[in-house]
Each structure stands twice: as C-alpha cells, then as structure tokens.
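Have a look at the structure below before the remarks.
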Amino acid sequence: MSDDIIPVSPEWAKRAYVDEAKYKEMYEASVKDPVKFWGEHGKRIDWIKPYSPEAVRDVDYTGNVRIRWFHDGALNVSANCIDRHLAKRADQVAIIWEGDDPSKSKNITYRELHAEVSRMANVLKELGAKKGDRITIYLPMIPEAAYAMLACARIGAIHSVVFGGFSPDSLANRILDCDSEIVVTADEGLRGGKPVPLKANCDEALKKCPKVKKVLVVQHTAGKVGWDGARDVWWHDAKAKVAADCKPEPMGAEDPLFILYTSGSTGKPKGVLHTSGGYLVFASMTHQYVFDYHDGDIYWCTADVGWVTGHSYILYGPLANGATTLMFEGVPNYPNSSRFWDVIDKHQVNIFYTAPTAIRALMREGEAPVKKASRKSLRLLGSVGEPINPEAWLWYYRVVGDSRCPIVDTWWQTETGGILITPLPGATKLKPGSATQPFFGVTPVMVDADGKELEGACTGNLCLINSWPGQMRTVYGDHQRFIDTYFRTYPGKYFTGDGARRDEDGYYWITGRVDDVINVSGHRIGTAEVESALVAHAKVAEAAVVGFPHDIKGQGIYAYVTLNAGEPYSEALRKELVAWVRKEIGPIASPDIVQWAPGLPKTRSGKIMRRILRKIAENDFSNLGDTSTLADPGVVDDLVKNRSH
Ligand code: WT7
C-alpha cells in the first residue's frame with residue numbers, strides 16, 4: 001500500500017470532459033435514475049431504429065437472470081465504427097499499424113477501413129456466412145484482424161477471436177464449443193522476430209473439427225503452409241473478386257456481437273457472450289471518458305485483439321468514437337527494450353494503455369531505455385489486467401510519464417465488457433495501486449464470506465449490483481453456468497471473483513482473485529485447466545495447481561505433480577511436463593515450477609486443501625493452519641521439505 005496521493009493537475013481539470021464536481025453529479029444521476037441516464041447516453045451511437053424509453057433497461061439478477069439494454073432498438077456496430085465517420089473523417093487515419101519489424105508500419109484511413117471491411121464481409125458471405133453464424137478468428141495483430149471482426153459485425157455474424165498464442169487443442173475446443181464453420185487465420189504471426197505457425201496450428205486443430213467448411217487465410221509472412229484446396233481460401237485472391245461495399249445488416253440491440261472464451265475456476269473455458277447495442281454504448285463511453293479522448297488524439301492500447309481489452313479498447317470503443325487507434329504486432333523488448341517508447345515518438349502517441357507485467361519487465365531494464373526517447377507527446381497513461389504494485393505505478397508515473405501524465409488504473413473483466421472502476425483523469429485524485437472509483441452507473445458492494453454487505457472502510461469480496469450496458473448476457477450455450485458462476489454465490493448480486501479493500505475515502509484496491517483462477521501477466525488461467533492438461537500425460541497420476549507471487553508476471557503457475565506408482569522422478573520429466581502443458585494449452589499456461597509430490601494434502605473426503613499448497617508455494621510455512629483434518633498429515637511435512645528452489 002502507498003500513502004501517496006497525487007492531486008488532479010489544474011490543467012487536466014480544465015481540459016477534461018469531467019472534473020471532480022461533474023463526476024459526482026454525473027455519478028449520482030447515473031445511480032439514482034439509470035434508465036434516464038443510459039437513455040440519454042445510449043444516443044451517443046447511431047441507431048437504425050431508436051429504442052423506446054421503456055426498453056432502455058430490463059434487468060433481473062434473480063431467478064433465471066435476464067439482462068437486456070435498449071432491446072427494441074436496432075443498429076449495426078460496424079456502421080457505427082466506420083460508415084458514420086465517413087462524412088467528416090474519411091481521410092483521417094483510423095488504424096496505425098506498427099509491425100513487429102520496426103521498419104514496417106502503415107496507416108489505414110476510415111475510407112480504406114470501409115473498403116477493406118466491406119470486402120472481407122463480402123468474402124465471408126461468399127464462403128457461406130450468414131447472420132447469427134459463429135466465425136472463429138485466429139489471427140496475429142495485423143489490420144486484417146480488425147477487418148475480420150468488423151466484417152462479422154457488418155453481416156451480423158458472431159465472432160469468436162482466439163488468441164494466437166493458444167495451442168491447436170485450445171483452438172479446436174473453442175471452435176467446437178461455438179460450432180464455427182468458418183475460421184479466419186494467417187500463414188504465420190510474428191513476435192519478437194520469431195514466426196508463430198498459425199496456419200499449421202489451425203490445420204492441426206481442424207482434424208478435430210469436421211464441421212469447419214472454409215478457412216480464409218491471410219498471407220502475412222509468406223511462410224510455407226499446408227493447403228487443402230477444397231477448404232482453404234487466400235484472402236488476397238478472394239478480395240480481388242468482390243465489391244468494396246457491403247450494406248450493413250440491421251441488428252437488434254440484443255443480437256450477439258461476439259463470444260470470447262475465458263477461464264474460470266472450474267471446467268473448460270466459458271464463452272462469454274456480448275451483444276451489440278449496450279456493449280457499444282459502454283465501450284465507446286468508457287473510452288471517451290476514462291482516456292479523456294478528444295478528436296485528433298493518437299491512442300495506443302498494447303493489448304492483443306485476442307483478449308477483451310483488444311476488443312473494447314483497440315477496436316470497438318476507439319473506432320465508435322472516430323479515434324486513431326494504434327495496433328502493435330510486436331513485443332515490448334524487441335528489437336530492444338526502448339521499443340514502446342520509440343513507437344510513442346514515431347507515431348506521436350498521446351494516450352498509452354498497457355499492463356503492469358510489461359511495466360515491471362521494463363522497469364527491470366532501468367531508466368536509460370526510456371530516457372532515450374522523448375515521450376513528449378504523452379498525456380495520459382493507463383494500466384489494466386492485474387493489480388499494479390505501487391512501486392511499478394510510481395516508476396510508470398515518474399520515469400515514463402515524467403510526473404506529468406495521470407495514470408488510469410482500470411479495473412474490469414472480460415465479463416464486464418468495459419472499464420468499471422477507474423480514475424477519470426480530470427476528476428480523480430490518484431493513489432498509486434488503487435483503481436479508485438466506480439465509473440458512471442457502476443455500484444460496487446463489498447461482502448464478507450457469508451454474503452453480508454460491509455459498510456465503509458473494509459476488506460471483502462467485490463460484487464456489483466445494478467447492471468451496466470456492457471455486461472455479458474450469458475455463457476454461450478450454457479445459461480445455467482452463467483447463473484451458477486456469477487449470481488449464485490451472493491444471490492441478487494454479480495460476483496466478480498475478486499477480493500478488494502475499500503479505504504476510508506471509498507477508494508477500491510483490488511487484491512486479486514479469490515477463486516481458483518491465476519492471473520499470469522494479466523491473463524486468466526484456470527487451475528483446473530492446467531491440472532487437466534497435466535493428468536492427461538501418461539506418467540502423471542495426479543496434479544494440483546496454485547498461483548504464487550512472481551516479480552514480473554504478478555502470479556506464476558506452481559504445479560504439484562504425483563507420478564504413477566513406480567515412475568521415476570527426473571529433471572528430464574519435469575521439463576517434459578512443462579513442454580506438455582505448453583503444447584496442450586499454449587505458452588501462457590506453462591508452469592513456472594513443478595514440484596514432485598509423492599502425496600497431496602487431502603481432507604478425509606478427498607478434497608485437495610489448496611490453501612496449504614498455496615502457502616507452501618509462497619514459501620510461507622509459518623501459517624499452514626490446521627492440518628489435523630487431513631487424511632495424511634505427514635504429506636505436508638514432505639512437501640515443505642521438498643519445496644523446490
Ligand atoms: C481479472 C479479469 C479487464 C481486461 C483484462 C483482464 C484482474 C483486471 C485489474 C486492475 C487489479 C485487475 C481482476 C479481474 N484485473 N484489471 N486494474 N487491477 N486487477 O480481463 O482476463 O477477464 O481478467 O483481471 O482479477 O477479475 P480478464
């Protein structure tokens with residue numbers, strides 16, 4: 001925790017949309033009469049058919065759980081992100097693309113974006129795509145990823161973007177879960193100078209997905225790829241044969257826009273479903289206010305489009321606002337650790353939004369790589385994905401921002417569609433490490449383990465009452481799982497899965513997940529997924545996975561593994577298991593530590609006591625709690641004795 005308080009600079013209070021008084025006024029109005037508030041702000045986007053006042057909000061967090069916003073309105077998300085800007089800003093740059101290779105970048109104007117998205121939409125239609133179909137997108141960070149997402153939105157298809165770092169198996173599971181018949185991919189991605197074999201991964205995945213009829217392939221690196229002439233289609237061939245305009249399909253406000261898979265505490269990843277109207281209103285409004293986005297600003301979010309941050313704050317929010325959004329293919333330390341700051345100078349970036357893990361990694365390289373760049377264009381910094389420790393916050397503020405750029409530490413989730421707890425740069429005094437205050441319409445409540453609501457300064461579990469338009473609507477194909485995951489623990493409330501502290505000023509300090517989800521470099525990994533990958537290995541009898549504090553990643557993955565009887569433990573096998581998980585799920589799920597566990601601490605009813613495993617992983621042996629209820633208490637001594645490293 002930190003005692004620093006950084007006041008709002010007078011200059012910011014003057015130029016920003018919202019100062020402190022205005023924040024209070026708007027916030028109060030938003031919670032007092034949400035229908036009136038959102039009824040007004042819903043008009044920020046273009047509607048083909050306006051919603052009626054009665055349809056602004058229809059929400060019930062009890063029973064079967066129903067969440068609808070603006071439900072009798074009709075719109076098209078792609079038209080909102082492109083067509084409606086053409087009259088005023090056809091020649092303005094919509095997307096600045098910066099390649100992995102620093103010599104490669106290009107600008108795409110709104111006019112060009114219109115043509116490319118229309119072509120992609122027409123190609124998808126020719127491949128058989130219809131309104132309501134699910135289309136899986138497995139692409140690197142290239143403009144075609146934006147074209148593909150917006151093309152789906154244009155024709156009313158539902159996109160499911162799968163992060164390019166996921167394995168063939170993870171891709172296959174996601175394709176199967178949402179029943180996609182079309183996949184869009186590229187020959188290869190490029191990260192830090194190294195190719196990522198996307199088409200080959202896709203070919204491997206599709207062995208398990210017989211219903212996929214067409215694969216649209218973008219040529220990016222011109223690397224060699226396998227080819228199925230009946231199934232695979234080159235984007236550059238197909239686009240030459242279609243028109244450069246395509247009428248946007250009118251969509252109901254509650255028609256699905258996208259599915260995005262995310263890990264939970266149990267079972268396979270859930271397909272988080274977001275719909276059209278409310279999502280776009282919320283993504284665009286948060287983008288405008290949180291980043292204080294004004295016409296002409298150059299805005300850069302370093303996330304990958306494979307995550308929700310990329311959906312809401314590279315694509316939909318900024319483009320709905322007619323912004324110039326930068327899309328970066330590369331990594332922070334290639335060709336060297338000045339890359340972020342060089343890109344900021346090269347494209348004169350004003351607003352920069354990244355993750356604490358990147359900040360911590362760059363902080364380790366010292367100030368010199370930062371100071372080599374001018375960074376004069378910067379006005380605002382943002383953080384997202386995990387708690388930012390005050391030390392990293394202060395480095396970001398002092399070294400990167402030269403103590404003149406406010407930091408917005410934005411707390412939200414895949415499920416929330418957009419930012420919920422955050423400073424507003426002209427309104428909120430900052431406390432390093434705190435996500436500060438709720439956005440308009442958002443009402444956080446703190447509850448204890450029994451669900452009792454806590455008042456004032458407290459520590460507890462973070463819930464939300466009152467819906468906001470960007471909230472997820474269901475788990476794709478499994479509404480019961482939606483209810484059970486989010487609305488059952490504390491009936492009548494949305495449970496975030498996060499723990500938090502609220503201080504005496506009403507500021508929120510998110511402490512991290514309280515469920516069996518690990519946040520590795522801002523990416524959610526379910527312990528259950530890693531465990532099931534491990535036990536799928538022929539030599540593994542049992543596995544238990546927990547998170548542990550990691551200097552750069554925030555949390556690392558710690559796996560306790562029991563081998564089959566008689567199987568010898570070896571260093572080679574340890575490495576093999578790490579590689580195995582990497583192959584099964586993807587590099588982001590590779591365990592940092594594998595500890596051999598002749599036995600796991602279990603209750604007499606066979607439940608693994610993760611609390612104890614977490615303590616051992618944290619090297620905190622003083623506080624193992626009561627182990628007398630264990631079936632075999634001796635197991636714990638053994639694990640403590642063999643704690644690796
Ligand atoms: C989880 C959601 C939101 C987009 C990226 C991650 C953690 C996110 C913060 C923050 C502390 C944060 C929470 C949350 N988280 N932002 N500013 N401070 N924690 O989306 O993969 O759905 O993960 O990330 O634990 O529940 P996600």
Side-chain angles (χ1 to χ4, degrees), residues 1 161-163 165-166 258-265 269-274 282-283 286-287 290 301-317 353-360 381-390 392-393 396 407-423 428 430-439 442 444 461-464 468 470-472 475 485-486 494-502 507-526 529 547 553-555 588-589:
M1 294 298 132
V161 182
V162 177
F163 173 57
F166 276 122
F258 66 84
I259 299 166
L260 191 55
Y261 286 87
T262 192
S263 299
S265 44
K270 297 181 284 282
V272 168
L273 185 92
H274 283 287
F282 198 70
T286 47
H287 173 261
V290 174
C301 164
T302 68
D304 191 285
V305 288
W307 311 111
V308 75
T309 311
H311 284 57
S312 301
Y313 299 114
I314 294 178
L315 219 59
Y316 289 118
Y353 189 30
T354 194
T357 186
I359 298 164
R360 286 191 298 263
L381 302 172
S383 172
V384 62
E386 45 170 326
I388 178 164
N389 46 311
W393 195 105
Y396 196 25
I407 296 179
V408 289
D409 173 4
T410 62
W411 175 86
W412 59 296
Q413 311 178 294
T414 305
E415 292 89 337
T416 70
I419 294 164
L420 295 197
I421 303 183
T422 179
T428 317
L430 306 174
K431 298 190 189 187
S434 169
T436 78
Q437 305 261 5
F439 189 74
V442 176
N461 292 341
L462 181 66
C463 293
L464 302 157
W468 60 97
Q471 184 168 26
M472 77 182 280
V475 170
T485 308
Y486 303 104
Y494 168 85
F495 177 42
T496 63
D498 279 333
R501 180 172 80 89
R502 185 168 56 205
Y507 275 44
Y508 291 88
W509 301 72
I510 311 298
T511 47
R513 305 288 308 192
V514 294
D515 53 9
D516 291 322
V517 170
I518 312 180
N519 190 328
V520 183
S521 302
H523 303 313
R524 264 159 79 165
I525 315 278
E529 281 169 78
K553 302 181 187 180
Q555 278 191 298
I588 56 170

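Whatever order the structure lists them in is the order used to number ligands and atoms, beginning at 1.
Considering only non-hydrogen atoms, atom 10 (C) of ligand 1 lies nearest to E386 out of H311, E386, H523. Counting heavy atoms only, T414 comes closest to atom 22 (O) of ligand 1 of the residues L260, V517, T414. By heavy-atom distance, the residue among Q413, E415, R524 lying nearest atom 23 (O) of ligand 1 is R524.
For the pair G385 and ligand 1, a heavy-atom separation below 4.0 Å is found.
Near N519, meaning under 4.0 Å from any of its heavy atoms, are these atoms of ligand 1: 7 (C), 24 (O). Of all the atoms in ligand 1, the ones that sit under 4.0 Å from a non-hydrogen atom of I510 are 11 (C), 19 (N). Proximity to D409 (heavy-atom distance under 4.0 Å) selects the following atoms of ligand 1: 10 (C), 17 (N), 18 (N).
Taking only nitrogen or oxygen atoms, main chain and side chain alike, S383 does not reach within less than 3.5 Å of ligand 1. Every N/O-N/O distance between T262 and ligand 1 stays at or above 3.5 Å. The shortest N/O to N/O separation between D498 and ligand 1 falls below 3.5 Å. An N or O contact shorter than 3.5 Å is missing between T309 and ligand 1 by distance.
Aromatic ring pairs are classed by plane angle as parallel below 30°, tilted from 30° to 60° and perpendicular above 60°; the pair H523 and W307 is parallel. Ring orientation note: the planes of F258 and Y316 are close to parallel, at an angle under 30° on the 30°/60° scale.
Ring centroid separation for the pair Y313 and W412 comes in under the 6.0 Å cut-off.
The shortest side-chain heavy-atom distance between V520 and I588 does not fall under the 4.5 Å cut-off.
The heavy-atom pair separating I359 from A392 by the smallest distance is CG2-O, 3.8 Å.
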